[in-house]
Amino acid sequence: KCGTILSVYGNHFMRPEQIAVKYTLALRATLHTEEDLHRTVATYRQFMTICGKEPDLLRTLSNSIVPLDHRKQLLETALSICNPPPSLTALAFLLLERNRFSLLPVIARQFEQQMDQWLNRVEVEVITAIPLSAELFQKVHHTMELFTKKTVRLVQSIDPDIIGGLIIKMEGLAMDFSYRARLEKLREKLLSEGRKIHGA
């Protein structure tokens, strides 16, 4: 099934990242449950961990000079450890046959980056001077889910310099409720008032 979908992507003039996007979306079209999505990401991570421990593996699988049958045997052995979904197995062997296996890490990265969108979830970072209590953490988590109308993956960071309060970051936005920000605003106001007085 995956091979049928991907057969239309034969443009050799596209950049590797663009080609990887096509493969990523084609693979997504073959996965119909949240469990399949998580299983695919888990397989990607496990496979890339294996490649990290055995760097020659990825180089060999990506080397078109190595006989295809030998590369298929290597790939089959590596995948047997990961227990991938059938469509991911099909994609891996398709990349191998088309001498595009070097795209697999790019596809894996793109796939994982898209997971939040596909699952209607968002990562929210909350920065505080000291760790939040379990109760307060749950309150912030609940509030952000109501605010975003998405499943929130709340990540906590510690920054003693903010003194107190918190800073919330998500999707490139930042909401600063820290005492440091309040002090900066007060400082700006005092300086502005000082300039007015001296200018009078």
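Remember, predicted model here, so these are calculated numbers, not experimental data.
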Check whether any side-chain heavy atom of V124 sits under 4.5 Å from a side-chain heavy atom of V122, and report yes or no.
-> yes
Is there a side-chain contact between L104 and Y44, using heavy atoms and a 4.5 Å cut-off?
-> yes
Atom NE2 of H142: over 12 foreign heavy atoms under 6.0 Å = no
If you count the non-hydrogen atoms of other residues, nucleotides and ligands that lie under 6.0 Å from CD in E97, is the total more than 12?
-> yes
Is any NZ, NE, NH1 or NH2 atom of the basic residue among R153 and D116 found under 4.0 Å from an Asp or Glu carboxylate oxygen of the other?
-> yes
Taking all non-hydrogen atoms of both residues into account, name the closest pair between G164 and A129 and its distance.
-> N-CB, 4.2 Å
Between atom CE of M115 and atom CG of L119, what is the distance when rounded to the nearest 0.5 Å?
-> 4.5 Å
Any chance you could lay out the side-chain contact (heavy atoms from CB on, under 4.5 Å) test for V126 and V155, step after step, and finish with the verdict?
-> CA-CA 6 Å; V126 57; V155 178; over 6 Å; no
Sequence neighbours excluded, the answer for side-chain contact (heavy atoms from CB on, under 4.5 Å) partners of H141 is E145, V152, L154
Between CZ on residue R71 and CD1 on residue I65, distance to nearest 0.5 Å = 10.0 Å
Quick one: does I50's side chain get under 4.5 Å of C82's, heavy atoms only?
-> yes
After noting the C-alpha distance and the side-chain angles of F177 and I167, does the key distance pass the side-chain contact (heavy atoms from CB on, under 4.5 Å) rule?
-> CA-CA 6 Å; F177 306 106; I167 299 172; over 6 Å; no
Is T40 close to L31 at the side-chain level, that is, under 4.5 Å between some pair of heavy atoms?
-> yes
Does one hydrophobic cluster hold both V66 and L58, with members joined at side-chain heavy-atom distances below 4.5 Å?
-> no
Report the distance from atom CD1 of I107 to atom CZ of R100, rounding to the nearest 0.5 Å.
-> 9.5 Å
Below 4.5 Å, heavy atoms only, C-beta onward: do L61 and L74 meet side chain to side chain?
-> yes
Are any non-hydrogen side-chain atoms of E125 and Q156 less than 4.5 angstrom apart?
-> no
Kindly give the heavy-atom pair with the smallest separation between T24 and W118, and that separation in Å.
-> CG2-CH2, 4.1 Å
Side-chain heavy atoms of T43 within contact of P85, under 4.5 Å | yes
For the hydrophobic clusters of this structure (ILVMFWY residues joined by side-chain heavy atoms under 4.5 Å, transitively), does one cluster hold both I158 and M175?
-> no
Answer yes when K72 and D69 have at least one side-chain N-carboxylate O distance shorter than 4.0 Å, and no when they do not.
-> no
Are S87 and T30 linked by a side-chain donor-acceptor pair shorter than 3.5 Å?
-> yes
dist I127:CD1 -> I162:CD1 (nearest 0.5 Å) comes out at 7.0 Å
Determine whether the side chains of D36 and T33 contain a donor N or O and an acceptor N or O closer than 3.5 Å.
-> yes
When rounded to the nearest 0.5 Å, the distance separating CD of E76 from OG1 of T89 is 9.5 Å
Answer yes or no: is there a donor N or O on one side and an acceptor on the other, between the side chain of Q110 and the main chain of E17, under 3.5 Å?
-> yes
side-chain contact (heavy atoms from CB on, under 4.5 Å) between L103 and I19: does it pass, once the steps are laid out?
-> CA-CA 8 Å; L103 289 176; I19 299 172; 3.6 Å; yes
Does the side chain of V106 reach to within under 4.5 Å of the side chain of Y23, using non-hydrogen atoms?
-> no
Can E34 and R39 be said to form a salt bridge (Lys or Arg N to Asp or Glu O under 4.0 Å), step by step?
-> CA-CA 9 Å; E34 184 173 333; R39 185 180 168 191; over 6 Å; no
Full working for side-chain contact (heavy atoms from CB on, under 4.5 Å) between T143 and L146 = CA-CA 5 Å; T143 299; L146 291 176; 5.7 Å; no
Point-to-point distance, once rounded to the nearest 0.5 Å, from CG of L166 to OG of S157 | 12.0 Å
For K169, look at atom NZ and say whether over 12 heavy atoms of other residues, nucleotides or ligands are found less than 6.0 Å away.
-> no
